[in-house]
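Data block below; observations after.
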Amino acid sequence: MAHSREPEVNKKCREETFNNKNINALMQIAPDQGRLINLLMKIGNVKKALEIGVFTGYSSLCIATGLPADGTLVALDISTEFTDLARRYWVEAGVENKINCVVGPALASLDKMLEEGQAGTFDFAFLDADKAHYDLYYERMLKLVRVGGMLMIDNVLWHGEVIQPDNFTADTVSIRALNDKIAADDRVSPAMLSFADGVSLLVREK
């Protein structure tokens with residue numbers, strides 16, 4: 001990471017998460033992945049972003065700091081314990097006013113957004129939440145992101161377990177099925193990137 005310019009506030013968030021023995025730090029995205037997300041916000045001129053799965057706020061920092069001054073990130077998570085920690089770093093980074101954090105079941109929050117007429121209004125969506133519901137999240141993300149917008153899905157290699165033929169745990173089966181679905185889905189143009197724990201970057205085509 002020495003050559004990727006990890007901001008100091010991001011580093012502090014990452015290190016606090018890693019050093020907290022009551023937190024599963026493996027749930028945090030890799031710093032190089034975070035840097036890619038930040039650059040995508042700028043390259044794609046993203047103004048309205050969606051995050052499903054906040055955890056301790058590292059990915060939110062990467063998204064929000066890449067947005068313009070009038071940009072917005074809608075961040076969904078079910079845990080106040082994690083989002084309270086995340087808010088401290090959003091404030092320190094000066095991006096708290098860009099972030100609308102919604103605490104509660106993400107599927108319900110996504111359905112409410114669709115009911116409110118927000119379909120096709122997001123430029124970017126990032127998914128890093130409970131794996132068993134990945135397909136349900138994916139379908140809602142596709143509706144919320146505009147044609148030409150980007151989606152990023154984390155953990156698509158799942159520590160290599162997706163290629164293990166004898167692994168039929170619920171999370172592995174869910175990720176494997178979504179990977180296969182995306183590969184054949186003409187609604188998107190996908191690229192699976194084999195760094196971190198595997199990241200799929202998609203552009204919505206229709």
Side-chain angles (χ1 to χ4, degrees), residues 6-38 40-41 46-116 118 121-134 136-138 140-141 144-145 150-155 171 174-175 196-197 199:
E6 183 182 25
E8 186 62 29
V9 63
N10 293 42
K11 181 180 178 182
K12 288 171 63 177
C13 177
R14 175 171 57 82
E15 290 180 345
E16 179 175 352
T17 302
F18 181 79
N19 292 326
N20 189 328
K21 301 308 178 184
N22 296 317
I23 294 177
N24 179 7
L26 292 176
M27 292 169 60
Q28 184 169 248
I29 67 167
D32 50 353
Q33 181 182 349
R35 187 59 179 157
L36 174 61
I37 291 173
N38 184 261
L40 286 173
M41 298 304 98
V46 173
K47 290 192 67 175
K48 187 177 181 182
L50 170 66
E51 178 182 39
I52 307 172
V54 173
F55 192 40
T56 56
Y58 191 94
S59 51
S60 307
L61 286 171
C62 297
I63 296 171
T65 54
L67 297 176
D70 60 345
T72 300
L73 168 62
V74 179
L76 310 181
D77 203 283
I78 200 166
S79 168
T80 54
E81 175 189 0
F82 292 149
T83 54
D84 284 350
L85 191 157
R87 287 177 198 275
R88 285 200 284 109
Y89 288 103
W90 299 342
V91 170
E92 184 173 341
V95 296
E96 73 276 14
N97 291 333
K98 295 182 184 179
I99 302 174
N100 174 19
C101 183
V102 181
V103 178
L107 286 173
S109 298
L110 294 167
D111 286 340
K112 182 179 180 183
M113 291 159 63
L114 289 167
E115 291 169 3
E116 292 171 346
Q118 295 194 53
T121 65
F122 286 84
D123 303 305
F124 174 84
F126 177 57
L127 173 59
D128 186 15
D130 57 298
K131 313 312 173 191
H133 291 118
Y134 255 30
L136 297 175
Y137 294 136
Y138 172 68
R140 287 159 174 79
M141 289 165 65
L144 289 163
V145 171
M150 296 178 289
L151 300 84
M152 180 179 281
I153 302 173
D154 197 26
N155 303 119
D171 288 349
S174 176
I175 296 171
D197 192 25
V199 178

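Once rounded to the nearest 0.5 Å, the distance linking CZ of Arg88 with CG of Asp84 reads 9.5 Å. Note that the NZ atom of Lys47 and the CG atom of Asp123 stand 8.5 Å from one another [nearest 0.5 Å]. The structure places CD of Glu96 at 12.5 Å from SG of Cys101, a figure rounded to the nearest 0.5 Å. Here Leu136 contributes atom CG and Ser174 contributes atom OG; the two are 8.0 Å apart, rounded to the nearest 0.5 Å. Taking NE2 of His133 as the start and CG of Leu127 as the end, the distance is 12.0 Å to the nearest 0.5 Å. Rounding to the nearest 0.5 Å places CZ of Arg14 at 12.0 Å from CG of Leu61.
Every residue two or more places apart in sequence or in another chain was checked for a side-chain hydrogen bond (donor to acceptor under 3.5 Å, both in side chains) with Lys11, and none qualifies.
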Side chain to side chain contact (heavy atoms under 4.5 Å, CB included) assessment of Val102 paired with Lys112: CA-CA 11 Å; Val102 181; Lys112 182 179 180 183; over 6 Å; no
Step-by-step side chain to side chain contact (heavy atoms under 4.5 Å, CB included) determination, Leu73 to Lys98: CA-CA 6 Å; Leu73 168 62; Lys98 295 182 184 179; 5.7 Å; no
Leu36 and Leu40: CA distance, side-chain angles, deciding distance, side chain to side chain contact (heavy atoms under 4.5 Å, CB included) verdict: CA-CA 6 Å; Leu36 174 61; Leu40 286 173; 4.1 Å; yes
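A pairwise comparison of heavy atoms in Ala86 and Gly57 identifies CB-CA, 3.5 Å as the closest pair. Between Tyr89 and Lys12, the closest heavy-atom pair is OH-O, 3.4 Å. The shortest heavy-atom contact between Tyr58 and Asn10 is CE1-O, 3.1 Å.
Ring pair Phe124/Phe126 is parallel by interplanar angle, where below 30° counts as parallel and above 60° as perpendicular.
You'll find the side chain of Ile37 reaches within 4.5 Å of the side chain of Ile29, heavy atoms only. Within the 4.5 Å cutoff, no side-chain heavy atoms of Arg140 are placed close to those of Tyr137.
The side-chain hydrogen bond (donor to acceptor under 3.5 Å, both in side chains) with Gln33 is formed by just one residue from the set Asp154, Asn38, Asp128; it is Asp154.
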Pair up each side-chain donor or acceptor in residues 48-56 with any protein partner under 3.5 Å, not counting sequence neighbours, and list the distances.
unit_1, atom_1, unit_2, atom_2, d
Lys48, NZ, Gln118, OE1, 3.1
Lys48, NZ, Thr121, OG1, 2.9
Glu51, OE1, Ser60, OG, 2.5
Glu51, OE2, Ser59, OG, 2.3
Glu51, OE2, Ser60, N, 3.4
Glu51, OE2, Ser60, OG, 3.4
Thr56, OG1, Thr17, OG1, 2.7

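Panel note: side chain Asp130, backbone Ala132; no donor-acceptor pair is recorded below 3.5 Å.
Checking Asp171 against Tyr134 by side-chain atom types alone, no donor-acceptor pair falls below 3.5 Å.
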